[in-house]
J.: 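Before anything else, here's the structure in question.
This one's a predicted model, so the numbers in the text were calculated from it and none came from an experiment. Within every chain, numbering begins at 1; the chains are lettered A, B, ... in the order of the sequence lines, protein sequences first and strands thereafter.
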Amino acid sequence: MSYLLVKSEPGSWSWDQQVAAGAKGTAWTGVRNHTAKQNLMKMKKGDRAFFYHSGEGKEIVGVAEIVKEAYPDPSDAEGKFVQVDVIPVEPVKTPVTLATIKGTPALKSMKLVKLSRLSVSPVSADEWRTIAKMTGIKA
DNA sequence: GCCAACGTTGGC
DNA sequence: GCCAACGTTGGC
């Protein structure tokens, strides 16, 4: 199993909306960046992703799971980009902010920090465990 | 095929 | 609201 971090502006798609959508899953769509696309393509069913709020909050607020692997994004007329379907798994007990991540030696080299504009980024198993501990969820 | 100009994203 | 980082576009 691999781990990811997906990023969204809560103003356009928030964790609360993801939770409200429930177990039927929703498409993680609108990705228009080739690096992010590569990361989407690597996702497998059952993989876990941290759900991060950019702009408002700048913190990890929940855990999502991939329920459908990459398939063509219908909102892309060219048909070059893909989307995956995700469901909410659980909210975090304690949100982990970007400031905290930057201040944590084990996490400062995260892609989230290095490539702040990337909307879908990989998370290593070590990083996942560290953040899981900080948020109070089970890894 | 190179590179400057421009647009977009996201942190501050 | 500003600026840095990065992707994309278009002229050559």
J.: Which parts of residues 6-13 of chain A get close to DNA chain B, meaning a heavy atom less than 4.0 angstrom away?
T.: A:K7, A:E9
J.: Can you establish whether the number of heavy atoms outside A:K111 located under 6.0 Å from its atom NZ is more than 12?
T.: no
J.: If you count the non-hydrogen atoms of other residues, nucleotides and ligands that lie under 6.0 Å from CE in A:M41, is the total more than 12?
T.: no
J.: Five pairs at each end of the helix from B:dG1-C:dC12 to B:dC12-C:dG1: take the axis at both ends and give me the angle between them to 10°.
T.: 10°
J.: Show every salt bridge (Lys or Arg N to Asp or Glu O under 4.0 Å) that has at least one partner inside residues 79-98 of chain A, sequence neighbours left out.
T.: A:E78-A:K80, A:E90-A:K138
J.: Between the side chains of A:D47 and A:K44, is the shortest nitrogen-to-carboxylate-oxygen separation below 4.0 Å, so that they form an ion pair?
T.: no
J.: Is it the case that A:T97 and A:E59 place a side-chain donor and acceptor less than 3.5 Å from each other?
T.: no
J.: Heavy atoms under 4.0 Å, any strand shown: does A:L118 hit a base, just sugar-phosphate, or nothing?
T.: nothing
J.: Given 3.5 Å as the limit, does a donor-acceptor pair link the side chain of A:Q17 with the main chain of A:S14, or not?
T.: yes
J.: Just how far is it from atom CD1 of A:I60 to atom NE2 of A:H53, taken to the nearest 0.5 Å?
T.: 11.5 Å
J.: Quick one: how far along DNA chain B does chain A reach, first to last nucleotide 5' to 3', anything under 4.0 Å to a heavy atom?
T.: B:dG7 to B:dC12
J.: For residues 6-32 of chain A, which residue pairs pass the salt bridge (Lys or Arg N to Asp or Glu O under 4.0 Å) check, not counting sequence neighbours?
T.: A:R32-A:D73
J.: Which pairs pass ring-ring contact (aromatic ring centres under 6.0 Å, His included) with one or both residues in residues 120-139 of chain A, sequence neighbours excluded?
T.: A:Y3-A:W128, A:F50-A:W128
J.: Check A:R48 with A:E65, please: is the shortest side-chain N to carboxylate O separation under 4.0 Å?
T.: yes
